[in-house]
Amino acid sequence: MEVTSPVREVLVTGNKTYHDVSHDICRHVEAKPNPKWMTAMVVSLGALFTGGYALAITLWDGIGMWGLNKTVGWAWDITNFVWWVGIGHAGTLISAVLLLFRQKWRTSINRAAEAMTIFAVICALLFPLIHTGRPWLSFYWFVPIPNTWGSLWVNFHSPLLWDFFAISTYFSVSLVFWYIGLIPDFATIRDRATNKISKAIYGALSFGWDGAAKTWQRYETVSLVLAGLATPLVLSVHTIVSFDFATSVIPGWHTTIFPPYFVAGAIFSGFAMVLTLMLVTRKVYNLEDYITINHIELMNIIIMITGSIVGVAYITELFMAWYSGVQYEQYAFLNRATGPYWWAYWSMMTCNVISPQLFWFKKIRTSLVATFILSIVVNIGMWFERFVIIVTSLHRDYLPSSWAMFSPTIYDMGIYLFSFGLFFTLFFSFAKFFPVINMAEVKSVLKSSSGEIENKK
Amino acid sequence: MESGKNFIVGIFDDESVLLNAVKKVRGSDVNIHECYTPYPVHGLDDELGYKRSRISIAAFLFGITGTCLAFLMMIYMMGIDWPMIIGGKDYIAIPSFVPVGFEVTVLLAAFGMVGTFFVISNLKPYGKPRIYDIRSTDDKHVMAIDLAKNSKSADELNAILKESGAIEINEKKF
């Protein structure tokens with residue numbers, strides 16, 4: 001335990017002691033909200049309520065308020081759904097996959113990344129729910145419960161139903177994983193609390209945690225098994241999301257590369273969102289000693305790798321369309337690149353294939369400004385990817401007589417804005433009331449990899 | 001909660017000192033009630049003589065239950081109660097039941113295991129833990145020794161703890 005790796009960078013800088021860790025993380029929870037936080041919250045709530053109007057109108061008048069037509073039956077709704085689900089993946093990847101691979105650098109970022117997962121999946125769930133048009137009835141279409149029309153069951157052969165099971169399982173397991181990790185930290189806040197209300201709230205949230213050796217032993221086993229369960233879940237969720245398209249017969253959708261390509265894309269966009277949030281959080285909360293340049297560089301390397309996988313997938317799609325000899329398939333891809341939506345296709349290509357390659361340069365992947373800009377560029381690119389897949393394949397299919405164009409209405413845009421408002425309202429609430437860094441886990445790696453030990457040598 | 005129990009509480013500020021202290025204290029024929037740490041100290045369970053947790057077995061059993069329940073449900077609904085051919089598939093088309101079967105397996109395994117963890121570790125909302133030292137969730141490691149379960153006197157235990165590297169020794173009554 002006392003060994004500091006001579007080859008790896010230190011994970012926590014600034015000669016922190018165990019008490020410093022508790023203090024640095026808890027003080028944001030204990031302090032009064034600062035003006036920066038209040039401003040951010042007001043902006044998020046503004047987006048939530050403005051977009052909420054579009055949502056309310058859609059619920060009242062129906063999805064005829066959207067820009068969909070007889071040809072393009074899915075557009076912004078499912079684009080936003082797949083985009084938000086993808087963003088969620090980085091959280092589970094950081095907490096589960098990196099835990100299994102014993103990557104200690106995950107400890108400073110896993111908590112916020114998991115929170116991001118939960119909130120992104122909530123936003124994602126919103127879209128399939130409202131795209132049904134009558135969400136209050138949708139339980140009969142998604143959940144196998146006996147209904148009032150007899151024992152007509154949901155269709156277990158349908159990828160849309162698999163989606164429901166995949167996303168809801170993913171959400172529940174991620175939520176449990178996140179909460180289990182929070183319990184010891186809630187106990188720390190409970191024991192530091194000076195006023196009765198905080199003591200009662202964090203006392204309830206900490207479930208009576210006392211840090212007994214036996215409980216820690218079980219806790220670590222639970223975390224490891226949950227990580228083992230969540231890892232295939234990460235892969236299964238986006239694989240199943242891709243089945244929504246891949247099991248159909250629409251040109252441009254019916255490809256076997258979709259599952260791995262969707263998973264890589266999800267990790268790619270998820271890490272970009274983690275970086276966007278982390279760069280802001282570390283600045284606002286002065287957590288530079290915990291989320292170091294080293295962490296940012298490692299995440300950028302993952303973005304570079306997954307971005308390259310996505311790039312290879314795009315090229316494979318093009319090759320397979322040509323190689324298949326199927327004219328509809330060939331046309332679908334030609335139309336994507338040169339048709340009326342060429343700008344969306346080339347935005348996607350630029351943002352997703354070219355921009356992550358800049359991370360080959362150490363100067364760029366260790367630059368905060370470049371990372372922040374590129375993380376947003378990647379997320380824009382990934383939104384366009386889903387838009388291109390969905391809209392360009394639907395607007396021109398087998399029958400030229402039914403070809404049409406899609407353009408969004410303000411209600412499409414409003415609901416997208418609503419999802420942003422919801423996401424950031426939840427994230428900022430989390431950042432204020434919950435510890436943003438996993439204190440117990442950071443403490444457990446502090447001794448083996450902190451600057452304090454390095455200096456003592 | 002039992003009342004009137006007396007504990008000798010040793011406070012340590014380093015995990016390696018605690019690990020050696022546990023070895024030493026147990027070697028002096030002292031029965032340690034429990035250790036409390038702010039983070040998981042690897043190897044502490046071995047030193048305290050705890051057996052490996054069998055909670056993963058619970059996860060496996062819950063998972064298997066989930067698989068069986070999911071497949072039985074889908075076979076009954078799609079094959080027996082309302083048989084329908086969809087997309088040219090059989091009534092009971094096992095391959096298309098795999099995704100839902102997998103998800104329900106994971107769901108039950110995760111929830112079953114975490115539920116078991118809460119129950120056996122006595123964790124519940126508004127649970128009232130025994131806090132031997134408030135710093136045990138911050139930066140100190142705590143070793144609690146139950147006087148009633150040891151033949152040695154408080155003074156003897158104090159001496160052993162001090163010798164083992166405790167920075168502070170307190171007495172706590174519950």
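In what follows, every chain begins at residue 1, and chains take the letters A, B, ... in the order their sequences are listed.
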Using heavy-atom distances under 4.5 Å, tell me whether B/Ala110 contacts chain A through its side chain, its backbone, both, or neither.
both
A/Ile197 atom CD1, over 12 foreign heavy atoms within 6.0 Å:
no
Highest number of heavy-atom pairs under 4.5 Å with chain B: which of A/Gly203, A/Ala230, A/Ser158, A/Ala166?
A/Ala166
Chain B: which of A/Ile240, A/Asn155, A/Val173 shares the most heavy-atom pairs with it under 4.5 Å?
A/Asn155
Proximity breakdown for B/Lys89 and chain A, heavy-atom pairs closer than 4.5 Å:
side chain
Spacing of CG belonging to A/Asp191 relative to CD1 belonging to B/Ile131, to within rounding of 0.5 Å
4.5 Å
Once you measure the plane-to-plane angle for B/His141 and A/Tyr18, does it fall in the parallel (<30°), tilted (30-60°) or perpendicular (>60°) bin?
perpendicular
So which of A/Val442, A/Val222, A/Val225, A/Thr215 has the biggest tally of heavy-atom pairs under 4.5 Å with chain B?
A/Val222
Any heavy-atom pair between the side chains of B/Leu107 and A/Ser172 that's under 4.5 Å?
yes
Other residues, nucleotides, ligands: >12 heavy atoms within 6.0 Å of B/Tyr50 OH:
yes
Between A/Trp216 and B/Val41, does a side-chain contact (heavy atoms from CB on, under 4.5 Å) hold up when you go through it step by step?
CA-CA 8 Å; A/Trp216 273 123; B/Val41 174; over 6 Å; no
Tell me, side chain or backbone of A/Pro159 under 4.5 Å from chain B's heavy atoms, or both, or neither?
neither
Between B/Met77 and chain A, with a heavy-atom cut-off of 4.5 Å, which part of the residue counts as in contact: side chain, backbone, both or neither?
both
Proximal component of A/Ile189, with respect to chain B [non-hydrogen, under 4.5 Å]:
neither
Side chains of A/Met439 and B/Thr137, heavy atoms from C-beta outward: is any pair under 4.5 Å?
no
Quick check against the 3.5 Å criterion: does A/Trp162 have a side-chain atom that pairs as donor or acceptor with the backbone of B/Ser96?
yes
Any sub-3.5 Å donor-acceptor pair from A/Gln217's side-chain atoms to B/Lys51's backbone N or O?
yes
What residue in B/Phe118, B/Phe117, B/Tyr132 has the most heavy-atom pairs under 4.5 Å with chain A?
B/Phe117
By a 4.5 Å heavy-atom criterion (distance strictly below it), what part of B/Asp90 contacts chain A: side chain, backbone, both, or neither?
backbone
Toward chain B, the part of A/Ile180 with a non-hydrogen atom under 4.5 Å
side chain
Taking C-beta and beyond as the side chain, do B/Arg135 and A/His19 meet within less than 4.5 Å on heavy atoms?
no
Any side-chain to backbone donor/acceptor pair from A/Lys443 onto B/Asp138? Under 3.5 Å, distance only.
yes
Using non-hydrogen atoms and a 4.5 Å limit, figure out which bit of A/Phe177 sits close to chain B: side chain, backbone, both or neither.
neither
I'd like to know which of A/Thr239, A/Thr247, A/Leu233 tops the heavy-atom pair count under 4.5 Å against chain B.
A/Leu233
Region of B/Ile55 that comes under 4.5 Å of a non-hydrogen atom in chain A:
side chain
Mind telling me whether B/Phe97 and A/Phe156 have parallel, tilted or perpendicular rings, with 30° and 60° as the class edges?
perpendicular
Do B/Leu123 and A/Arg218 come close enough that some side-chain heavy atom pair is under 4.5 Å?
no
Do other residues, nucleotides or ligands put more than 12 heavy atoms under 6.0 Å from B/Arg54 CZ?
no
